[in-house]
Every structure is written in structure tokens, then in C-alpha cells.
A.B. asks: 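The following block contains the structure, expressed as C-alpha cells.
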Protein chains: 2
Amino acid sequence: MLNERNLKDLLYQEFSRIGKSLSSPKRLEILDLLSQGPKSVEALSKATTMSVANVSQHLQTLNNARMVKFRKEGNYVIYELADDVISDFITSLHKLSEKQFSQVQQIKQEFLNANLDTEEVTLEELNERMEKGEILLLDVRPKEEYENAHIPGAVSIPMEELKEKLTSLPSNRDVVAYCRGIYCLWSVEAVKLLRNEGINAYRLEKSVQDWNEFQDHIN
Amino acid sequence: MLNERNLKDLLYQEFSRIGKSLSSPKRLEILDLLSQGPKSVEALSKATTMSVANVSQHLQTLNNARMVKFRKEGNYVIYELADDVISDFITSLHKLSEKQFSQVQQIKQEFLNANLDTEEVTLEELNERMEKGEILLLDVRPKEEYENAHIPGAVSIPMEELKEKLTSLPSNRDVVAYCRGIYCLWSVEAVKLLRNEGINAYRLEKSVQDWNEFQDHIN
DNA sequence: CAACTATTCAATGAAACACTTGAATAGAGG
DNA sequence: CCTCTATTCAAGTGTTTCATTGAATAGTTG
């Protein structure tokens, strides 16, 4: 028989399934990757340096919490976020974390300082200077992610191809590179490469999601 | 030395601390209770039917994740949510859960059906009829929670005192009872009691938080 | 249909966790 | 200053979760 205490236990158990899915660092990483677009198990395995079986297991628990869904496509199983709401939720988790963990900021800063004396670009600046045609915006994520969604006007050169294509870039325009957001470090790498080549390069810390939010705000 | 993989592991580990704090049903219940206002360890222990030591331990992990803060007051240690942002975050977790778990809805419905053929009141209705003075709004939460925050115009009669005060209620006005929100069942109890007394009683499923949100929306 | 690939399943040992119990602490009040 | 109370700490136990491994499955391609 269902009494009040039972009911509460049942309900909070259900609620906690979402919490559980967010309680593992690896699962959060998977969710972040999926927020850039659908991916196969193998692709996730590579990106996270986990075994395929392990990733599959995590995806299973995420699926139980209805955080992701999947479809079969040929030999592959393609996973994606179950819902736009979830992408928003993950973003708000990040914001909350950052707000309360100075440690997160510290870790990030330590790394960036060791790697780059970086000048940041804001979305406002970007918007302005894009319209004037003053800059070249570079999306250094994998091609699929660019195709899934990108900042309007951006050119896709995946990190892997950047070295070869360095010479084809204009040296008379400033270049701004972005990838998956604040904790994605490809853009840092890209800026380093470009500067070595004598190009004025800057890092945009923001992601496509941030861009969308920014657009919603000014409209 | 901090390399890219290390950095990611560290960062996601930090992020996951919030997830961890949301991964235990008991902790979620504690957080919900705290979103109604500050509470002592003992009070939480009673409300959740857990041992004091156990609650204390959970509060410790919540504190590590900066989800709660505490102050000492006489003999007692009073815990509360660390931040308004966290209350919002918990609310959005509930909404997300409800959206994806038909099971949650089902559990709730089964219980309510077994207990009450309930007519729900919407916030719009409430607003309208409150202004006309047609109804008496009853807050059946503990006095401290009422004092911490309540819907304007509501009268506080904690559940424990309701039985004794039944006769002092007007039988010529409709009564609407509310407590902590959709999963708080005191309002269900209250409506049952009131109807037995021949009073036209209805349940408001919403909470003070919902009311505040509603007010923000219409302004 | 045989070989191959991507994914999942099942079993293992190791680590993390929840809850209990009983002792320790620290503040309040007589 | 001693007692009482609320809370925390520390140790022990049983359970759940994790990553890893190797086998099983299912779908595709020759």
C-alpha cells in the first residue's frame, strides 16, 4: 500500500535519476560532447579516451535517465541529447558550477596562463567587426559539428587540418578562433599556431550555444 | 604537469560535484525542505525520518558542493540554501524530471486518486477570487516556513493545528489550501478534513516559489 | 552465407557510498 | 563548573557503482 513516506521515497528516487546521470565526470563530458551534435559510440570513445564498452555503459545510464536518445544508422549507433531542454539544463549547470567553484576558474586560469597570454574577444566585438568584414571567424571543431550548427559567417577548418591550411589564410585580416566553449582548448592551440605564422589571432571563449543565447538577447 | 586530458578530467570532476549532490534521493528531499526556509539538523531529521547523524553527513556533502550554508544559533546549527540561484536550479530540475518521467506523474496520480477526487485551483483563478475576497487561502506548512515566505493574503494554520481550529473557519467562504508544492501532501489532508466539516475546500498544487514566478510573469 | 565491424552484454575485482552505532565536541543554562 | 543538548566525527558493514575484459549480438558487405 502506498503511504506518504513511500510516495516521497519513490518520487525523490525518480528525481535523483537525473542527478545520478550528472554525478559522473565522464558522463558530463559525454553530455557536453553531445551538446555539440549527434555522435557515434566510437566517436565518443575516442574523444573521451575511454573504452568503447565503458562509454556504451555510460550511454546506457544516460538513456535510462532519458537524457539521451539514439538511432541506428548502418553499422553505427548514433546518440544525441533527448531534448533541447537538456542542453539548456547542462548550460545552467555549468553556470552554477562556475559561480560557486572558484576552483574551476583557478584550474582554467592556470592552464591558460601556462599556454597563452590570451586576449579575449567578446560577442559584441565579434558581431561588430564581423559586419565590417574586418575579421575571419574560424570554427576549429570537427567538420560534423560545424555542419550541425555554427556561428553564421564562420569558416570551418578542423584542428587536424589547420596546420596544412595555414598558408592559405589571409595575413592581412585578424583571425578569431572558437571551438566548443570556454573549456575547449582547440581554439587555444589554433591561436598559438596562427600567431607563429605571424597572423593576428584571438580566441573566442564562447560556443555556438552562447552565440544563440546572445542573439536571443539582442532581439 | 597539467596537460589537456588532465585539465578536462579536473574540470569535469568539479562540475560533477553538483551532480553528486543531486544524485541521492535523500539529499534532494533535504534540498526541497531547505527551499522552504532555513532548518536545523534535527528538524530535517524528523521531516525526512533519517537519523540525525545521517542527515548531518548529507548536509556535509551538500556543504562541500556549496549547495548549502550554515550558521550556529544557540544550541542549534541552522542550514539553508547557499544562494537563490540554487533554489531556481532545483525548481528547474523538478520541471525537467516531470517533463521526461511520465512515471513521476503516474506515481503522483495513483496516490492522489486513492486519496482525493481533487479539483485543482490555478494561480489565475486564485488571484482573481482573492481580490474579490471570495476565498480564504490557507497555508498549512509549519509556522516557520510561513514566516519565512508565504503567498500574500494567506492565513497560517499549520497542519498540526488544523483539527482544533476547524470550527473557527468560515463555512460560507470557499477555502483553498496549499503547502510546499505539487508533491507536498498536507494540502490533500487539509482538503479532506475541511470537506468532512462541510466546507467547500480545494487544493492549490503550487508553492510559494511558483507564486513568485507567476508574479514575475504578469509584471 | 561468411567475414567483418560496431555495439552491447555479463562477469570480475576495486573503489565509493549510505547508513548505523557509539564516542567526542562544543555551547547553553542552571 | 557541571550537566544537558545538538551536532559532528570515526569506524564498521553491506550495497551500489566503476572500469576492464572477453564473449555475444546484430547489421553490413563482399
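Residue numbers start from 1 in every chain, and the chains themselves are labelled A, B, ... in the order their sequence lines are given, proteins ahead of strands.
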A.B. asks: Under 3.5 Å, which donor-acceptor pairs link side chains of residues 39-49 of chain B to any protein atom two or more places apart or in another chain?
C.D. replies:
residue : atom : partner  : partner atom : Å
B/Lys39 : NZ   : B/Glu145 : OE2          : 2.6
B/Ser40 : OG   : B/Ala43  : N            : 3.1
B/Ser45 : OG   : B/Met50  : O            : 2.7
B/Thr48 : OG1  : B/Leu44  : O            : 2.7
B/Thr48 : OG1  : B/Ser45  : O            : 3.4

A.B. asks: Could you tell me whether A/Phe70 contacts a base, only the sugar-phosphate backbone, or nothing, with contacts defined as non-hydrogen atoms closer than 4.0 Å?
C.D. replies: nothing

A.B. asks: B/Ser51 side chain N/O closer than 4.0 Å to the phosphate oxygens (OP1, OP2) of C/dT20?
C.D. replies: yes

A.B. asks: Could you give the CG-to-C1' distance, from B/Asn54 to D/dT8, as a whole number of Å?
C.D. replies: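 My rounded result for the distance is 13 Å.
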
A.B. asks: Which whole-number value in Å describes the distance from A/Ile78 CD1 to C/dT8 P?
C.D. replies: 11 Å

A.B. asks: Is any NZ, NE, NH1 or NH2 atom of the basic residue among B/Glu29 and B/Arg27 found under 4.0 Å from an Asp or Glu carboxylate oxygen of the other?
C.D. replies: no

A.B. asks: Should A/Arg195 and A/Glu197 count as an ion pair when the cut-off is N to O under 4.0 Å?
C.D. replies: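 Salt bridge flag = no for A/Glu197 with A/Arg195.
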
A.B. asks: Using a cut-off of less than 4.0 Å, is there contact between a side-chain N or O of B/His58 and OP1 or OP2 of C/dC17?
C.D. replies: no

A.B. asks: Round to a whole Å and report the spacing from CG of B/Leu62 to C1' of D/dT8.
C.D. replies: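 Distance check: B/Leu62 CG to D/dT8 C1' gives 16 Å.
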
A.B. asks: Nearest-Å distance, NZ (A/Lys39) to P (C/dT7)?
C.D. replies: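 One finds 14 Å between P of C/dT7 and NZ of A/Lys39, rounded.
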
A.B. asks: How sharply is the helix from C/dC1-D/dG30 to C/dG30-D/dC1 bent, taking the axes over five pairs at either end and rounding to 10 degrees?
C.D. replies: 30°

A.B. asks: Could you tell me how far apart A/Lys46 (NZ) and C/dT5 (P) are, to the nearest whole angstrom?
C.D. replies: 13 Å

A.B. asks: A quick test of your reading: do over 12 heavy atoms of other residues, nucleotides or ligands sit less than 6.0 Å from CG of A/Asp84?
C.D. replies: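 Incorrect, the count does not exceed 12.
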
A.B. asks: Would you give the length of the straight line joining atom CD of B/Glu160 to atom CH2 of B/Trp186, rounded to the nearest 0.5 angstrom?
C.D. replies: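 Those atoms lie 7.5 Å apart.
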
A.B. asks: Can we say B/Glu213 and B/Lys95 salt-bridge, meaning some charged N sits less than 4.0 Å from an Asp/Glu carboxylate O?
C.D. replies: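 Answer for the salt bridge query: yes.
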
A.B. asks: Can you tell me the distance, in whole Å, between the NZ atom of B/Lys26 and the C1' atom of C/dT20?
C.D. replies: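 Checked: the NZ to C1' distance equals 14 Å.
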
A.B. asks: Of the listed nucleotides (D/dA6, C/dT7, D/dT20), which one gets closest to any side-chain atom of B/Tyr76?
C.D. replies: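 Per side-chain heavy atoms of B/Tyr76, the pick is D/dA6.
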
A.B. asks: Which residues pass the salt bridge (charged side-chain N to carboxylate O under 4.0 Å, His left out) test with B/Lys72, sequence neighbours left out?
C.D. replies: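 Partners of B/Lys72 by the salt bridge (charged side-chain N to carboxylate O under 4.0 Å, His left out) criterion come out as none, since no residue qualifies.
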
A.B. asks: Is B/Gln36 close to B/Asn148 at the side-chain level, that is, under 4.5 Å between some pair of heavy atoms?
C.D. replies: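 When only atoms from C-beta onward are counted, B/Gln36 and B/Asn148 do not touch, as no gap falls below 4.5 Å.
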
A.B. asks: For A/Ala190, what residues pass the side-chain contact (heavy atoms from CB on, under 4.5 Å) criterion, not counting sequence neighbours?
C.D. replies: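 With neighbours one apart ignored, the set is A/Val140, A/Met159, A/Leu162, A/Ala177.
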
A.B. asks: Without decimals, in angstroms, what is the distance between A/Asn63 CG and C/dT8 P?
C.D. replies: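 Nearest whole value for this atom pair: 9 Å.
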
A.B. asks: Walk me through whether B/Asp83 and B/Lys69 qualify under salt bridge (Lys or Arg N to Asp or Glu O under 4.0 Å).
C.D. replies: CA-CA 9 Å; B/Asp83 198 321; B/Lys69 60 185 179 186; over 6 Å; no

A.B. asks: Quick one: do B/Phe89 and A/Phe89 satisfy ring pair (Phe, Tyr, Trp, His ring centres under 6.0 Å)? Show the steps, please.
C.D. replies: CA-CA 9 Å; B/Phe89 189 75; A/Phe89 188 75; 5.2 Å; yes

A.B. asks: Reading nucleotides 25-30 of chain C from the 5' end, what letters show protein touch, with B for base, S for backbone sugar-phosphate only, - for no heavy atom under 4.0 Å?
C.D. replies: --BS--

A.B. asks: Indicate yes or no: does B/Glu14 engage B/Lys20 in a salt bridge with an N to O separation below 4.0 Å.
C.D. replies: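 Answer for the salt bridge query: no.
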
A.B. asks: Looking at B/Tyr79, I'd like to know whether one of its side-chain N or O atoms comes within less than 4.0 Å of OP1 or OP2 on D/dA6.
C.D. replies: no

A.B. asks: A/Ser24 has a side chain; which of D/dA6, D/dC18, C/dC19 sits nearest to it?
C.D. replies: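 Nearest listed nucleotide: D/dC18.
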
A.B. asks: Polar atom pairs between nucleotides 9-17 of chain D and protein, under 3.5 Å, N or O only, would you list them?
C.D. replies:
residue : atom : partner : partner atom : Å
D/dC9   : OP2  : B/Gln60 : OE1          : 2.4

A.B. asks: Please report the distance, rounded to the nearest Å, between CE in B/Met50 and P in C/dC19.
C.D. replies: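 In whole Å, C/dC19 P lies 7 Å from B/Met50 CE.
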
